[in-house]
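Read through the structure below, which is laid out as structure tokens, and then see the notes.
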Amino acid sequence: MSKYIGAQMLEFSQKGDERGRLVIIEGMEDIPFDIKRIFYIYGSDKNVVRGQHANRKSKFLLINVAGTSKVRVRDGKGNEAVFSLNRPHTGIYLPEMMWKEMYEFSEDSVLLCVSSEHYDPAEYIRDYEEFVSLVNEQGV
Ligand code: TYD
């Protein structure tokens, strides 16, 4: 799955009929990792900023399955992008070692986070300067 080189928006097919719509996401089929963990964020609002960390190991897929939010992504080498999450069949793929901030949550926002790893607080980098040093030292 070498086409997944950086943070990018993915669009998933919607199966629909008169009963409603269905989106299917399979590990190593629709996203470039096997799924070990899901969690979801709701009850945040437009003034909250979440995330503000990078992960040494975890890859993520973020989808607003309801409502909207924004995700700002930085690679620590001077590149950044802002993604708007506003449709239940689109999501952002984030490889490891990306700084991420989620913000501007709508009142009805439910942000689904799908991860390649079990939770391990030791693989979270929560200091931006440390993240930048690691990226530039390691040449990641
Ligand atoms: P945190 O990483 O700060 O959330 P966010 O990135 O959305 O701002 O996590 C909030 C709390 O939940 C923190 O105490 C760690 C805990 N947590 C787990 O125990 N397991 C998990 O998988 C996640 C994502 C968080």
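In this view, V110 and Y40, Y42, V65, A66 satisfy the side chain to side chain contact (heavy atoms under 4.5 Å, CB included) rule, not counting sequence neighbours.
Between Y128 and W99, the two ring planes are perpendicular [angle over 60°; tilted spans 30° to 60°].
For N55 and E123, the side-chain atoms include at least one donor-acceptor pair closer than 3.5 Å.
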Note to self: side chain to side chain donor-acceptor pair (under 3.5 Å) for S106 and D108? Distances and angles first, verdict last.
What the structure shows: CA-CA 5 Å; S106 62; D108 58 347; 2.6 Å; yes
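Distance check: S58 OG to Y124 OH gives 5.5 Å after rounding to the nearest 0.5 Å. Taken from OG in S109 to NZ in K70, the straight-line distance is 12.5 Å, to the nearest 0.5 Å. S115 OG to F39 CZ: the interatomic distance, rounded to the nearest 0.5 Å, is 6.5 Å. The CD atom of E130 lies 13.5 Å from the NE2 atom of H53; values are rounded to the nearest 0.5 Å. Taken from CZ in R72 to CE in M98, the straight-line distance is 12.0 Å, to the nearest 0.5 Å. Atom OG1 in T90 sits 6.5 Å away from atom CG in L85 (nearest 0.5 Å).
Centroid-to-centroid, the aromatic rings of F83 and Y93 stay 6.0 Å apart or farther. For H89 and F12, the ring centers are positioned 6.0 Å apart or more.
One hydrophobic cluster, built from ILVMFWY side chains closer than 4.5 Å, cannot hold both F60 and V82; they sit in different ones. When the side chains of ILVMFWY residues are joined at heavy-atom separations under 4.5 Å, either directly or via intervening members, I31 and I63 end up in a single hydrophobic cluster.
Here the options are L10, V114, L61, the test is side chain to side chain contact (heavy atoms under 4.5 Å, CB included), and the partner is I25; only L61 passes.
The number of heavy-atom neighbours closer than 6.0 Å to CD of E11, taken from other residues, nucleotides and ligands shown, is above 12. Surrounding CD of E107 are at most 12 heavy atoms belonging to other residues, nucleotides or ligands under 6.0 Å away.
Between K59 and E117, no side-chain nitrogen of the basic residue sits less than 4.0 Å from a carboxylate oxygen of the acidic one, so the salt-bridge criterion is not met.
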